[in-house]
Amino acid sequence: MNDEGDAKSKKEGKRIEKRKKKLLKEAEKADKRGVCYLSRVPPKMDPLKLRQILSQYGEIQRIYLAPEDPAARVQRKRAGGFRGLGFSEGWVEFTDKRVAKRVANLLNGEQIGGRKRSQFYYDLWNIKYLSKFKWDDLSEEIAYRNAIREQKLAMEISAAKKERDFYLSKVEQSRALSAIEERVKKKQKVQQEPELNHEHPVDQPGFKVIRHFPQKQPVVEKEAQSKPKLSIDLLTEVFNTSS
């Protein structure tokens, strides 16, 4: 049993030593690498095209291009510019730091060139060699920038929520004041109604107004009264004489 345990421990020790040697080799390689910084990335340039252009100067390990601000992208689209994804800055890691330094000195401020039909033909290189800068530093910087961006976004969201809550509170206050004004108006109206009824008792319920208008007699009755009436004796004498 002890022999088996010793064998296993020896195997584990060998594995650990191999890992250490591998890590040391990677660290040595990382120390030999150099990073160049691109302060401007031409429109329509992406990591694949950038690798194709710079690979002719030396072996490249990694490339990272930072996406542009979404607000700038929206503004560019509204202005009728490039509608694809753009990049604001970038980093290129060369296998040999000496190559990276030579490439930065050679290309900085120069025309990208290439084929005349290329969309980058007239653009200029803005490239600088970062002395004593490693890719791990870039990872930390990216994480730091992301943290700042998230913090800024959280602050903006918090400010927007405060503005919304303030606006809603003002709306509620306005509604409450409007309701109070309506109640006051109704109360004043109810108080004014008895005064109006006291000044004008005619409008009180149950009180009936009787009005008399002068009337004239009919014309027929007046004519009948104005005509003279014949006596019965006169009529008998007239009829007897005729007979």
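Numbering of residues begins at 1 and proceeds along the displayed sequence.
- Here the options are I63, V92, N126, the test is side chain to side chain contact (heavy atoms under 4.5 Å, CB included), and the partner is L38; only V92 passes.
- Transitive grouping of hydrophobic side chains (ILVMFWY, heavy atoms separated by less than 4.5 Å) keeps Y129 and F94 in distinct clusters.
- Checked by atom type and distance alone, the side chain of S174 never pairs as donor or acceptor with a backbone atom of K170 at under 3.5 Å.
- Residues that satisfy the side chain to side chain donor-acceptor pair (under 3.5 Å) test with T95, not counting sequence neighbours, are Q61.
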| query | Does the side-chain contact (heavy atoms from CB on, under 4.5 Å) test come out yes or no for L50 and F87, once each step is laid out? | reply | CA-CA 12 Å; L50 184 61; F87 301 95; over 6 Å; no

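- Every residue two or more places apart in sequence or in another chain was checked for a ring-ring contact (aromatic ring centres under 6.0 Å, His included) with Y57, and none qualifies.
- Expressed to the nearest 0.5 Å, how far OG of S55 lies from CD of E59 amounts to 9.0 Å.
- Taking every heavy atom of both residues into account, K134 and R33 meet most closely at NZ-O, 3.2 Å.
- For the atom pair CD (E89) and CD (E68), the distance works out to 12.0 Å, reported to the nearest 0.5 Å.
- There is no path of hydrophobic side-chain contacts, each under 4.5 Å, that joins F120 to L124.
- The NZ atom of K161 lies 6.5 Å from the CZ atom of R164; values are rounded to the nearest 0.5 Å.
- Closest approach of E93 to V35, counting heavy atoms only: CG-CG2, 4.2 Å.
- Counting Ile, Leu, Val, Met, Phe, Trp and Tyr side chains that sit under 4.5 Å apart, directly or through other members, Y122 shares a hydrophobic cluster with Y121.
- Ion pairing between a basic and an acidic side chain is recognised when a charged N comes within 4.0 Å of a carboxylate O; R40 and D123 show such pairing.
- Here the NZ atom belonging to K44 is positioned 8.0 Å from the NZ atom belonging to K49, to the nearest 0.5 angstrom.
- Between the side chain of E163 and the main chain of A160, no donor-acceptor pair closer than 3.5 Å is present.
- In this structure, F133 and L138 approach most closely via the heavy-atom pair CZ-N, 3.6 Å.
- Looking at L130 and C36, their side chains never come closer than 4.5 Å, going by heavy atoms from C-beta outward.
- Y37 is not connected to I60 by any chain of hydrophobic side-chain contacts under 4.5 Å among Ile, Leu, Val, Met, Phe, Trp and Tyr, and they are in different clusters.
- Between W91 and W135, the shortest heavy-atom contact is O-CH2, 3.9 Å.
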Give every donor-acceptor pair under 3.5 Å between a side-chain atom in residues 98-110 and any protein atom, sequence neighbours left out.
unit_1	atom_1	unit_2	atom_2	d
R98	NE	D96	OD1	3.4
R98	NE	D96	OD2	3.3
R98	NH2	D96	OD2	3.1
N105	ND2	K101	O	3.1
N108	OD1	I127	N	3.2

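- Between atom OG of residue S178 and atom CZ of residue R183 there is a gap of 10.5 Å, rounded to the nearest 0.5 Å.
- Taking a 4.5 Å side-chain heavy-atom cut-off between Ile, Leu, Val, Met, Phe, Trp and Tyr, the cluster of V184 extends to I180.
- In Q111, the CD atom is crowded: over 12 heavy atoms of neighbouring residues, nucleotides or ligands sit closer than 6.0 Å.
- Residue pairs satisfying the ring pair (Phe, Tyr, Trp, His ring centres under 6.0 Å) criterion with at least one member in residues 157-187, sequence neighbours excluded, are absent.
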| query | Please walk me through it: do K186 and E181 pass side-chain contact (heavy atoms from CB on, under 4.5 Å)? | reply | CA-CA 9 Å; K186 287 181 180 179; E181 290 178 358; over 6 Å; no

